[in-house]
Structure formats: C-alpha cells, structure tokens
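To start, the structure under review is shown below, and the notes come after it.
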2 protein chains.
Amino acid sequence: MARPKRTPTAGSRERVFAAAAAEFAAKGYAGANMDRIARAARLNKAMIYYHFKNKAALYRAILRDMFGAVRTEVAAVAASGLEPGEKIRRYVEGIARAAEARPHFPPIWLRELAEGGEHVDAATLEYVRDVLTALGGIVNEGRRRGVFQPVNPMMLQAGIIAPLMFFLATARLRQKIERAGPSPLAVSRDTIVAHIQRLTLAQLEGRIS
Amino acid sequence: MARPKRTPTAGSRERVFAAAAAEFAAKGYAGANMDRIARAARLNKAMIYYHFKNKAALYRAILRDMFGAVRTEVAAVAASGLEPGEKIRRYVEGIARAAEARPHFPPIWLRELAEGGEHVDAATLEYVRDVLTALGGIVNEGRRRGVFQPVNPMMLQAGIIAPLMFFLATARLRQKIERAGPSPLAVSRDTIVAHIQRLTLAQLEGRIS
DNA sequence: GTCTATAAATAGATAGAC
DNA sequence: GTCTATCTATTTATAGAC
C-alpha cells in the first residue's frame, strides 16, 4: 500500500499484496503459505521478501490497509454536518463499503476476532480505537440533541460489525446450506445493510427494551 | 465425546479432545500443531493417531460436538410448551450456554464462518440446518398466534449468533483495547445475552423498522 | 494403550546470479 | 527487480518396541 504504481516495479508489490490478502483470508495467518502467495502473484517467494520483511510484516500491512480504510470512511462521516441519525446510517454504510472493496476483509476480521487480535500491532489498534471513538462521538452528539438514548458504544459496534461480517463472509456457506436441503435464505447486500441500520437506530432511539 | 470414561484408557481420548479444541481455537485448522496438542494432553503424537484417524478427523469430531450441543439445547426449547416469546429467549440462552460450556466454541465458530464452512462435513451440516429449522418453527408458531411478524430466519439467526460469538470470543481483545487508551467498555455476559434477547424479540414484534 | 524414533513432505527465509 | 537453488526447521503421519 502507498507507493507509486507501475514504475520499474510493474506492480509486483501490489500483486503480492492482493495474493497475500486472499491467502490469509482463506487459510488464516498460520495456515497461509508463502509459496502459494508467490504463485498466485505470478512471482516467486524471493520477491515477497524483497517487498516485505517477512510473513508477519506482510500480514500487518494488510491489516493496516483494512482498518485504515474503515477509519477513513468513518472519519468522513463523523466530520460531516449531517444529523446524528443520518450519521449512524452512513457509519454502517461506510464500514460495509470498506469491507466490500476488499473481499478478504470479512474473513480476516472474523479470524482476528477469533484469536483476540493476536496480530494487531499498535498502529492498527490505534485505527480500531479511532473508529470506536468516532461512533461514541456520534452517540454523544445525538444524546445532547435529545434524539438518542444512552447506549454502550461497544454494544452498538458489536451489533453492527458482527452481523455485517457474518453476512459478507458467509455468502458461500449459506449457499452450501441451501443446496443441502430446503431453506430459502438468500439475502441481498442492500437488505442486510438496511436491516443493520434500522436495528442500530432502534437501539439508539430506545425502541428495543 | 461418546465413549466410556476412564477404563483402561484413563481418559487419554478426552485429554486429546480437550487439548485439540484449545489448539484449533487458538491457531485455526491449518495452524494447529499435532505435537503441541500432544504435549498439552500430556501424551505424544502417536496417541492422537491411536484415537483419531488424522488431523481432519480430530477437527471434525470437535465440530460435531459443538453443533450437536447447540442442536440439543435448541431442540429442547422447540419441544417445550412455552409461548413463542419465551422460546426465543431460551433459544438465545441455549446457544449461549452451549458456547460457554466450551471455551473453544466461539473462536472455532468464527473461524469456520471465515472460511465458509470448509471443514463442515455432512453430519455437522445437518445439525446446523436442524438449528435453523427449529428457529423457523418458533417464528412460524408465533406468526400463527399473531404475536410475531414475518422475519427471515437467517437474518434473525445472524443477529443472534454473530454478536454472541463476537462478545464471547473477544473478551481478551476488548481488554487489550481498553488498556491502550480510554474507552470503558466492559460488558457482562448476562447483559449481552439479555441485550440479544431483546433485540431479537424487537424484530419479531415489529418494533424495528 | 503408550512410547521412541524416524520417514517424508512442506514450511519460512536467504544467497547470489542476472 | 526478478529469478533459481538451497538451507534449516517444522510438520503430519507411521513403524515397531514394550
């Protein structure tokens, strides 16, 4: 990430990055194989180590790109002059957009949750906290204006990203379940985002308990 | 997992099972190491292969135990004579209980979601479908009685397990984030379960959109 | 049932030519 | 920048003794 495109390099760094993201998403950190990454990038292992110090550094670069993108989306929403309810809607939409621009995003995030952020370095952790802080700011703004109830930002965030990652990551699995027997459960991307937006606002507007 | 306890075996199979569950939870399928599993079980690798055909079979046994437990909990709820709203509450509670009885459950489930059920065999898939079918049955019962709105069971299920696994799996990570800076976000187990119960019922009772 | 020893394959990482 | 060749460590799995 961040570097002039197609100069002498002919984009080999970008190819490594993309191939690695797909590999880490499919196999997890420990299960990812440097040789497979090289082949998928139409290069060889040595080229990976030319661009990245080692496996861990390569993975960290991918994590940083993911959470950096989320932070960027969210920061734009927080800085906008929109009313709090609309900010919440765009907050959800922004996370969905950052995730959809990166097919590896939902699987990697789910795996990272599973291992308690094992590979999350300080810089990435900062991004994560910024996102949570921005959400907290929107909630506080809504409270001051009397349109939101007090809600724990962590609960809210869990209610947003958990179902979102679930849906985006399981498109394939859901098809597998459907094929195995009768359970018509296809749900479109827009339906999901709209649903999560409504669910989040219902909490903030005190329509839940 | 099904088998007479402490006969000649002195529970070595159970020790392998437990150690493997912890290892798969921490490292994922590909990252799990048979030698580490053996050491954690205070045995050697050969004993793993005495009890289980290979790594894949060992993992499958753990998956089956997990989803079998969920199915058992859920089936009891569905068969009870309780009113639909209470069934939904106990459905959520039952899944939480099955997960809490197995510390490896949330991480493994999240990872399995991440890779689209790569290691889910036909028998386990059957359990998963049974759980979803049971939920659909409760929803239909509520609709017939006029207390529930029509809701896609997959959406409902996602809204339950995704946040639940998120919270149960990230207790450690959330602490890490808190330590790194100010964001008071500790949430208790009961708060989470109650929250998810209310959220689910709010959807079914049409209080969302 | 439980162990040691080891086969056979695969992994991450680097040296050095071009 | 890109490659081949290779070192070294690790890993799944099995053979065979007790």
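Side chains included, hydrogens not; waters and symmetry mates left out as well; all remaining heavy atoms used. Here is how names work: the chains are called A, B, and so on, in the same order as the sequence lines, proteins then strands, and each is numbered from 1. Note that the structure is a prediction, hence the values are computed from the model and not measured.
- Looking at B:Lys55, its side chain does come within 3.5 Å of a backbone N or O of B:Ala32 through a donor-acceptor pair.
- Aromatic ring orientation, B:Phe52 versus B:Phe17: tilted (interplanar angle from 30° to 60°).
- Taking atom CG of B:Leu43 as the reference point, atom P of C:dT4 lies 11 Å away to the nearest angstrom.
- The NZ-C1' distance, from A:Lys27 to C:dG12, rounds to 16 Å in whole Å.
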* Structure fact -> Intra- and inter-strand pairing of DNA chain D, written as dot-bracket with Watson-Crick and G-U pairs under 3.5 Å and | for the latter, reads |||||||.||||||||||

Show me the protein contacts with nucleotides 12-16 of chain D, counting only N or O atoms at under 3.5 Å.
from, atom 1, to, atom 2, distance (Å)
D:dT12, OP1, B:Ala32, O, 2.8
D:dT12, OP1, B:Lys55, NZ, 3.3
D:dT12, OP2, B:Met34, N, 3.0
D:dT12, O4, B:Lys45, NZ, 3.3
D:dA13, OP2, B:Tyr49, OH, 2.9
D:dA13, OP2, B:Lys55, N, 3.1
D:dA13, N6, B:Lys45, NZ, 3.0

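- Using modelled atom types, one finds a donor on one side chain and an acceptor on the other under 3.5 Å when comparing B:Thr124 with B:Asp121.
- Note that CG of B:Asp190 and CD of B:Gln197 are 9.5 Å apart. Values are rounded to the nearest 0.5 Å.
- Atom-to-atom, CZ of A:Arg36 to P of C:dA9 comes out at 17 Å; the value is rounded to the nearest Å.
- Put simply, CZ on A:Arg42 is 10 Å from P on D:dC3, counting in whole angstrom units.
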* Show your reasoning for whether salt bridge (Lys or Arg N to Asp or Glu O under 4.0 Å) applies to A:Arg111 and B:Glu115. => CA-CA 9 Å; A:Arg111 286 184 198 277; B:Glu115 47 199 84; 2.9 Å; yes

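- Rounded to whole Å, the distance from CE on B:Met47 to P on C:dG1 is 8 Å.
- Remark: the backbone N or O of A:Ile208 is not paired with any side-chain donor or acceptor of A:Gln203 at under 3.5 angstrom.
- Expressed to the nearest 0.5 Å, how far CE of B:Met66 lies from CD of B:Glu112 amounts to 8.0 Å.
- Across C:dC3, D:dG1, D:dT4, the shortest atom-to-atom separation from the side chain of A:Asn44 is found for D:dT4.
- Between A:Glu23 atom CD and C:dG12 atom C1' there is a gap of 13 Å when expressed in whole angstrom units.
- To the nearest angstrom, C1' of D:dG1 lies 13 Å from CD of A:Glu14.
- The aromatic rings of A:His119 and A:Tyr59 stand perpendicular to each other, their planes meeting at an angle above 60°, with 30° marking the opposite boundary.
- Looking only at side-chain heavy atoms (C-beta outward), B:Phe166 and A:Leu113 come within less than 4.5 Å of each other.
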